[in-house]
Structure formats: structure tokens, C-alpha cells
Amino acid sequence: MSDILGDWKRTHYCGDLRAEQIGDEVCLMGWVHRRRDHGGLIFIDLRDRTGIGQLALDPDRDPEAHAKAEAVRNEFVIAARGKVSPRPEGTVNPSMKTGEVEVEISELRILNPAKTPPFMLDEFTEVAENLRLKYRYLDLRRETVQQNLIMRHQVAQTVRNYLTDNGFLEIETPVLTKSTPEGARDYLVPSRVNPGNFYALPQSPQLFKQLLMVSGFDRYFQIVKCFRDEDLRADRQPEFTQIDCELSFVDRDDVMSIMEGMVARIFKDALDIELTLPMPSLAFSEVMERFGVDNPDLRFDMELVNITDIVKGCGFKVFADVAAKDGLVKAINAKGCATFSRKDLDDLTDFVGIYGAKGLAWVKIQEDGSWQSPIAKFFSADELDAIGKALAAEPGDLLMFVADTAAVTNEALGRLRGHLGHKLGLTDPKEYKFVWVTDFPLLEWDGEERRHVAVHHPFTAPLDEDVPLLESDPGKARAKAYDLVLNGSEIGGGSIRIHDQEVQSKMFNLLGVDDEEAREKFGFLLDALEFGAPPHGGIAFGLDRIMMILTGAESIRDVIAFPKTQKATDMMSEAPGSVDEKQLRELGIRLARKPGAETKS
RNA sequence: GGGGCUGUAGUAGAGUCGGUUACAACGCCGGCCUGUCACGCCGGAGGUCGCGGGUUCGAGUCCCGUCAGCCCCGCCA
């Protein structure tokens, strides 16, 4: 049986109790975190989103409140009135921010009892994630995720303030939009009013924000949900949040400098860390050469070294063949790792195998400088010397080599570099290394579809000096695109857009979208570009990924209130679910297979 | 679509070479306890060993399948 709230008003949050309030009459409301019953005296740790405060109930002082407290259990919602008092000599708890004081309770109301929760809500109990997700509303009472979401709110506020200060307008764009070719798989929404037709949920507000530039809004932003129906990862959810921006009359350097100012302000407000600006910037080609991936972690060295020229014509057939056939032979030097066991090396070989490398050659540099390696015997003394010099090899080092196509070699070794960086503890979680990656290729050849695809998206402008290449050698054209990479994670990316209708049409043609299809899918954009579109460009940041880094979360689910599982389901609401036959009929939809009736073949 | 890891009281775990009635902790319930703060002490309840099949005299343990969660490749900027 619960008590009514009545005319009680909360005066303080639990976590805000301090010595300054000693003597004050206060009223607290919250959840019972723990109850300690000493037979006589009862202590209750009362919790709300600000923290925990201690209530003291003395049977001599107030028998009625004390009797009521005997019935209280964990997670009951209670309200308590009393006087803030200093804790007696020797009972101060220095590990709590409210530990100097307690509230001597004179009156207690049980606002709502609670069943015993399916798992403990303290900070010590590790709970299986599927259970946490099923009872997410309980899991969200726990301090870590709750603090993550509070910080997420603060970051969103910082973003709004910074962008508003810089002349940006927050404008909403439609969620029910049109499916367009290119990019990720769309989430579709059937239209009842137009049977057989579908909306698509936006993968990003890309076209709308460009049209807002044509309309003259000049600077736009939105903190907006985006949807992509692709498989999930530790840092990927099917619905995620972007800080989406677009600016008119700007080139790349303008966008980059305004945006790194925003990132600096986020880090200042959230972590009280001053970033040095401007952030460094590297061309895609250089990043690939030195790190093998386009999202390098710059907290440590271990750069990739190209030894293709050295091993051209060498006695080791695997290397020589790759070098002769336009492939790439590269190596990294793991300083001091000559102690790795055979099993360690086997594991690393398996690791690069994931990315298509057929093997991982290795060399341990011994104390006398000699090479312990299955492949050393294939090389001449000069070749050994040249390789050792190129990698700055010293006794105790472990050199590792991959020889394959340029794409495989770079990705395999680049990922290996990142893997070893973590394994060897070279990645300080308190260090934040930013880098802009620029000059991406505009297009990429898709061997399967036998056509070019846009590396960024089809509206990305080529570098001014590369525009002629669109005719002569489109694969060589570079884009006015930029990614912001932090500690090996891409946190944002964008580009200057094409604002010329002819260039945009040419771009669609290069992508294998013929005029008719371009007209059908993007006609409104092509039209708009003919009515005075200003030069413009923009960027989108992944808010979830930024929050992962700021909070140190291992999983994107820890920075989202109600996340989905790897199968894109919600364990709490059990979405997605089946719908009534009537709903389907209204939409003009008939299922090819009933849910649950699918036959496993 | 593919590879890997995990699954045992409410929770998180142990469980040997396949062998008696599946363990102890936390939580829960009852009792005691007036300065604790992950309070303490005594007692008690609580099990479809994810599910299905197989091998065996006998399966938590071995084999096959399947489901769920997680990590990764493909996919996705």
C-alpha cells in the first residue's frame, strides 16, 4: 500500500546534500538504493540522477517513520522529510560527495513499492547485456549509462550553442522521404494513400540540406536521426544520430576550421580538455601509404614501410612475384616484440587473414643483430641490409610483412598496426589525436557492378584542378571531401558539393545513372541547381561515435537510451513485430511468407 | 551470407577423466543486531544445466542440430 505524494515538494536532489545545508529542513524523493537495518537505527541510501544521499531513521526520534522504513526494500520510490545533520565523529564517508552529512528523517512516505529487480542495480554487478536490454528502464537507473546520457545532453547543448553563435539555423527536414539509388539499403515505409508506393527513411538529410542552401538559409544544422538498413557493429546502429551541417559560399578550409572549433568546444565543455587548433590534415594518398587505412590512429607510430622496390627481383618468390605484378609489399616494425611466441605469430597471421592476406612473413631481430626468420635465407646480404635500414630495425624488434594487391596489403597491415597498438598498450585512452583526411578519390571502380561508385556520395565536387579528369581519367579525380578522424575512428565527414547542374549531370553519368533515371530520382535537385545555387558544402558528425570516445564506452549501445541488438531488434519492446492483416490490407500489401512460417533451407 | 566466442538457481560464476543428492558467493525470505555505508551474525527457500536429438549402463560434461546474445568479415561512410 503506497502513500500519496500530497502537497510535498522536493527541495533538493539526493546528490546535492552538502555541509552548507546543515540545519535545513529538506524533502528528498527518489529510489531506495540500499537499506541497512541495524535493528534499531535504519540507514537508507536514497538515489536519484544526481547521486546518493543517506537517510537516518532513529526509532527513538520518530518511531512512526522508523516503522515504515522497516517495510522499505530496494528500488521502492519514497519521499522523506527531515533535517540535514552532520554525521557523528568518525562516521563521515569521504568516498561519497554527500558523505559529510545525512538527513535525520522525521516523516517518510512510500510513494510506490517495487518488485525485486531481476538484477542488482549497484555498480559492482556485471550483468549480461541481453538482460540489461530487456529491462533497459532499470539498467538506465545505473550510474554509468545514466551519466553517459547526461553527458550526451550536454554535448548536444554545446553543439546548439556553438552553431547558433556561428550563425547556423536549426531546420527540420522530412523523415518520410524518397528512396534514392546509391549508398546504404533504405528502411521503407509503405504509403496507405498511395498503394504500392513507399517512402524511405533518410540515410541522411543530404538533398534537403543542399536545397536549403539554394533557398538562401546560408548556414543550417540539425541533430538528426538517420537510418541505414545494414548489419550492425559495435559502433553501428540501424538508427543513429548525426550532427548535420551545411554552409554556403565556403570552400573546404572554411568548413574545416568552423567545425574543428565546434569539436574543440565539445571537448572543452565535456572533458575540460583544450585541443590545439588547427588540427593536422593529411592527404588520403599519404595516409594510405603510411598507415594503410583511411582512419589512422595517430597516438603511436609503427608506420607502414613500402619495400616493394627493394624486393623486386629478390629470391623470395612470394615477394618478387607480387612486386613484379603491380602488387605491394609492405612491412611494419613492432619495436621490442621479438619475444612473441610462435602462437602469437600464428594469431597475427590469422588476424591478417581476415582481411584477405594469404600470409604474414616475420623476422625477429636477435641481440647480435642477426635475423631469426623463415624467410631470411631467400635474401641477399644487401637486401637484408636495405630492408633492415628501411624499417630502422634494431635488436629485439619484430618485423612483419604482407605482400599482396595494394588494397589487401594496405588494409591487412593497417589493421594489424591498429590491432598491435591496442595489444601493446600504445593507445592511451586519455590522449586525443585528431587528423583531417582530405583529397579522397572522387570515384571508385566497382568490379562487381562494372561501374564507378561515389566514394563519398554523388554530390561531392571534384578538386577544381581535377575537373578535366572527369572526361579523360575519372578514376584519378580527387574530391573536395574531408573526414575527421580521432584515435582511429572516423567521427565526421563531408564535402564541398557540386553546385553546377552540368557537372552534376556528368557525375550521374559517370556513376552509370542515365539521364532518365537521374531526372526521375534527382530531378528536383538538378532543377534547383539551375535556379541560382550558391557554392556550398557541409559535414556530418556521428554523435554516437563522438559520445563513445568522450565516455570511453566500448559499445555504441552504452551511449544510446534504447539501443537495438545485433539483429536490429529491441529486446524490451520486441520490435520489430508482426501487424494485423487489416493493417496490411489497408496498405495493399500481402506477405509472401507469414512470419515464423519461413522454411529453413 | 560467412567465421569466432558465450549460454549452469533471480544475478554473476565453479563444476576434475562421463559416475552418489549439481557447489559456494551476491540477491531474496525469516530471525537477531542503535553508527552503518557493497553493514554484520544465524537460519531458509530457490535448478527445464538455452532448446532438440544422439552416443552410453549412466551426459551439465562427449557428438550433431538449433535458438539467443556478443565480436568480426561481407555490407555500411
Side-chain angles (χ1 to χ4, degrees), chain A residues 33-46 52-61 66 73-75 85 87-96 98-99 102 104 115-135 138 182-186 203-204 206 226-238 240 242 294-295 347 350-356 411-412 415 419 437 440 444 448 453-457 460 481-485 489-495 539-542 545 554-555 557 564-567 569 571 600-601:
Chain A
H33 191 63
R34 235 187 294 274
R35 186 185 69 119
R36 289 177 294 281
D37 185 344
H38 289 250
L41 213 51
I42 292 175
F43 296 103
I44 290 175
D45 288 344
L46 194 65
I52 287 170
Q54 176 165 287
L55 315 182
L57 293 110
D58 189 331
D60 302 334
R61 193 177 54 237
H66 178 270
R73 293 293 180 271
N74 284 352
E75 300 310 316
S85 319
R87 295 197 188 179
E89 189 83 30
T91 65
V92 166
N93 186 344
S95 63
M96 292 174 74
T98 61
E102 65 191 10
E104 290 179 353
K115 295 208 295 187
T116 303
F119 51 86
M120 286 211 277
L121 301 180
D122 60 34
E123 58 272 44
F124 306 100
T125 310
E126 291 277 320
V127 184
E129 203 176 358
N130 52 355
L131 200 65
R132 289 176 50 200
L133 291 177
K134 181 172 177 189
Y135 298 96
L138 296 179
E182 301 289 314
R185 192 176 296 115
D186 287 318
Q203 299 177 23
S204 82
Q206 183 60 37
C226 301
F227 305 86
R228 291 177 190 165
D229 186 6
E230 300 292 349
D231 288 337
L232 287 78
R233 288 287 187 281
D235 62 352
R236 247 162 53 188
Q237 285 269 305
F240 59 98
Q242 286 192 343
D294 65 3
N295 55 346
D347 288 347
D350 290 344
F351 180 84
V352 295
I354 295 171
Y355 305 99
E411 176 157 36
R415 299 282 200 142
H419 179 68
V437 179
F440 284 85
E444 192 175 40
E448 215 168 284
V453 294
V455 168
H456 188 61
H457 57 50
T460 299
Y482 31 80
D483 278 0
L484 185 59
V485 173
S489 180
E490 185 211 317
I491 61 167
S495 62
I539 192 165
F541 290 91
R545 285 188 189 174
E554 302 247 311
S555 162
R557 294 180 296 281
K564 293 193 168 49
T565 68
Q566 197 170 41
K567 276 198 164 171
T569 63
M571 299 213 74
K600 272 277 172 210
S601 54

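All chains are named by letter (A, B, ...) in the order of the sequence lines, taking the proteins before the strands, and each is independently numbered beginning at 1.
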Checking all strands, does [X] fall into the base, sugar-phosphate, or nothing category for heavy-atom contacts under 4.0 angstrom?
X	answer
Thr569(A)	sugar-phosphate
Ala540(A)	nothing
Arg34(A)	sugar-phosphate
Gln54(A)	base
Pro88(A)	base

For atom CD of Glu126(A), decide whether the heavy atoms of other residues, nucleotides or ligands shown that lie under 6.0 angstrom number more than 12.
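No, because the 6.0 Å sphere around CD of Glu126(A) holds 12 heavy atoms or fewer from other groups.
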
Watson-Crick or G-U counterpart of [N], or none if no pair lies under 3.5 Å:
N	value
rU6(B)	rA68(B)
rG44(B)	rC28(B)
rA22(B)	none
rC33(B)	none
rG74(B)	none

With [atom1] as the reference atom in both, quote the distance from [N] to [M] in angstrom, rounded to an integer.
N	M	atom1	result
rU11(B)	rG50(B)	P	13 Å
rG10(B)	rC29(B)	P	15 Å
rA22(B)	rC26(B)	P	22 Å
rC49(B)	rU8(B)	P	11 Å
rA14(B)	rG7(B)	P	8 Å
rA24(B)	rG15(B)	C1'	11 Å
rC17(B)	rA12(B)	P	26 Å
rG74(B)	rC62(B)	P	33 Å

Between Phe43(A) and rU36(B), do the rings stack, that is, sit under 5.5 Å apart with planes less than 30° off each other?
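A stacking contact exists, since Phe43(A) sits close and nearly parallel to the base ring of rU36(B).
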
For His38(A) and rC33(B), say yes or no: do the ring centres fall under 5.5 Å of each other while the ring planes differ by less than 30°?
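No, His38(A) does not stack on the base of rC33(B), since the centre distance and plane angle fail the 5.5 Å and 30° test.
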
Check the phosphate of rU36(B) against Arg36(A), side-chain N and O only, distance under 4.0 Å to OP1 or OP2. Yes or no?
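Result: no.
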
Which of the following nucleotides, [options], is nearest to the side chain of [X]?
X	options	answer
Asp60(A)	rU36(B), rU34(B), rG69(B)	rU34(B)
Leu131(A)	rU11(B), rU34(B), rU36(B)	rU11(B)
Lys567(A)	rC37(B), rU34(B), rG69(B)	rG69(B)
Met96(A)	rG35(B), rC37(B), rU11(B)	rC37(B)

Could you tell me the separation between the [atom1] atom of [X] and the [atom2] atom of [N], rounded to a whole number of Å?
X	N	atom1	atom2	result
His33(A)	rC39(B)	NE2	P	8 Å
Ile44(A)	rU34(B)	CD1	P	17 Å
Lys115(A)	rU11(B)	NZ	C1'	16 Å
Arg557(A)	rG69(B)	CZ	C1'	9 Å
His66(A)	rU34(B)	NE2	C1'	8 Å
Leu121(A)	rA38(B)	CG	C1'	14 Å
Phe124(A)	rG13(B)	CZ	P	17 Å
Leu57(A)	rG35(B)	CG	P	15 Å

Classify the side chain of Glu126(A) versus the base of rU11(B) as yes if they form a donor-acceptor pair under 3.5 Å and no if they do not.
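No, no donor-acceptor pair under 3.5 Å.
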
N-O pairing of Asp231(A) and Arg233(A) below 4.0 Å
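The answer is no: the pair does not qualify as a salt bridge.
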
Carboxylate-amine/guanidinium proximity below 4.0 Å for Asp45(A) and Arg36(A)
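So Asp45(A) pairs with Arg36(A) through a salt bridge.
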
Begin from the C-alpha positions of Phe227(A) and Gln203(A) and carry the test side-chain contact (heavy atoms from CB on, under 4.5 Å) through to its verdict.
CA-CA 5 Å; Phe227(A) 305 86; Gln203(A) 299 177 23; over 6 Å; no

Are any side-chain N or O atoms of Ser555(A) and backbone N or O atoms of Arg557(A), one a donor and one an acceptor, separated by less than 3.5 Å?
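Judged by distance alone, yes, a pair lies under 3.5 Å.
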
Donor-acceptor pair, distance only, cut-off 3.5 Å: does the side chain of Tyr482(A) make one with the backbone of Ser495(A)?
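At least one qualifying donor-acceptor pair exists.
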
State which residues pass side-chain contact (heavy atoms from CB on, under 4.5 Å) with Asp229(A); sequence neighbours excluded, sorted by chain then number.
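For Asp229(A), the residues satisfying side-chain contact (heavy atoms from CB on, under 4.5 Å) (neighbours in sequence not counted) are Arg185(A), Tyr187(A).
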
Just wondering, do [Y] and [X] contact through their side chains at under 4.5 Å, heavy atoms?
X	Y	answer
Ser204(A)	His457(A)	no
Pro238(A)	Leu232(A)	yes
Phe440(A)	Asp294(A)	yes

Grab the N/O contacts between the protein and nucleotides 72-77 of chain B below 3.5 Å, and write none if there aren't any.
residue	atom	partner	partner atom	Å
rC72(B)	OP2	Ala234(A)	N	3.0
rC73(B)	OP1	Arg415(A)	NH1	3.3
rC73(B)	OP1	Arg415(A)	NH2	3.4
rC73(B)	OP2	Arg233(A)	NE	2.8
rG74(B)	N7	Arg233(A)	NH2	2.7
rG74(B)	O6	Arg233(A)	NH1	2.9
rG74(B)	O6	Arg233(A)	NH2	3.1
rG74(B)	N1	Asp231(A)	OD2	2.5
rG74(B)	N2	Asp231(A)	OD2	3.1
rC75(B)	O2'	Glu230(A)	OE1	2.4
rC75(B)	O2	Arg236(A)	NH2	3.2
rC75(B)	N3	Arg236(A)	NH1	3.4
rC75(B)	N3	Arg236(A)	NH2	2.8
rC75(B)	N4	Arg233(A)	NH2	3.3
rC75(B)	N4	Arg236(A)	NH1	3.4
rC76(B)	O2	Arg236(A)	NE	3.4
rC76(B)	O2	Arg236(A)	NH1	2.5
rC76(B)	N3	Arg236(A)	NH1	3.2
rA77(B)	OP1	Ala184(A)	N	3.1

Check the interface with nucleotides 23-32 of chain B: list each N/O to N/O pair with the protein under 3.5 Å, or write none.
residue	atom	partner	partner atom	Å
rC29(B)	OP1	Arg73(A)	NE	3.2

If you assign each of Asp58(A) and Asp45(A) to its closest nucleotide in RNA chain B, which residue comes earlier from the 5' end?
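Here Asp58(A) is the residue nearer the 5' end.
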
For side-chain contact (heavy atoms from CB on, under 4.5 Å), just list the numbers for Glu129(A) and Thr565(A), CA-CA rounded to whole Å, side-chain angles, deciding distance to a tenth of an Å, and then say yes or no.
CA-CA 9 Å; Glu129(A) 203 176 358; Thr565(A) 68; over 6 Å; no

Using 30° and 60° as the class limits, which term best fits the ring planes of Phe119(A) and Tyr135(A): parallel, tilted or perpendicular?
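Because their plane-to-plane angle is over 60°, the rings of Phe119(A) and Tyr135(A) count as perpendicular.
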
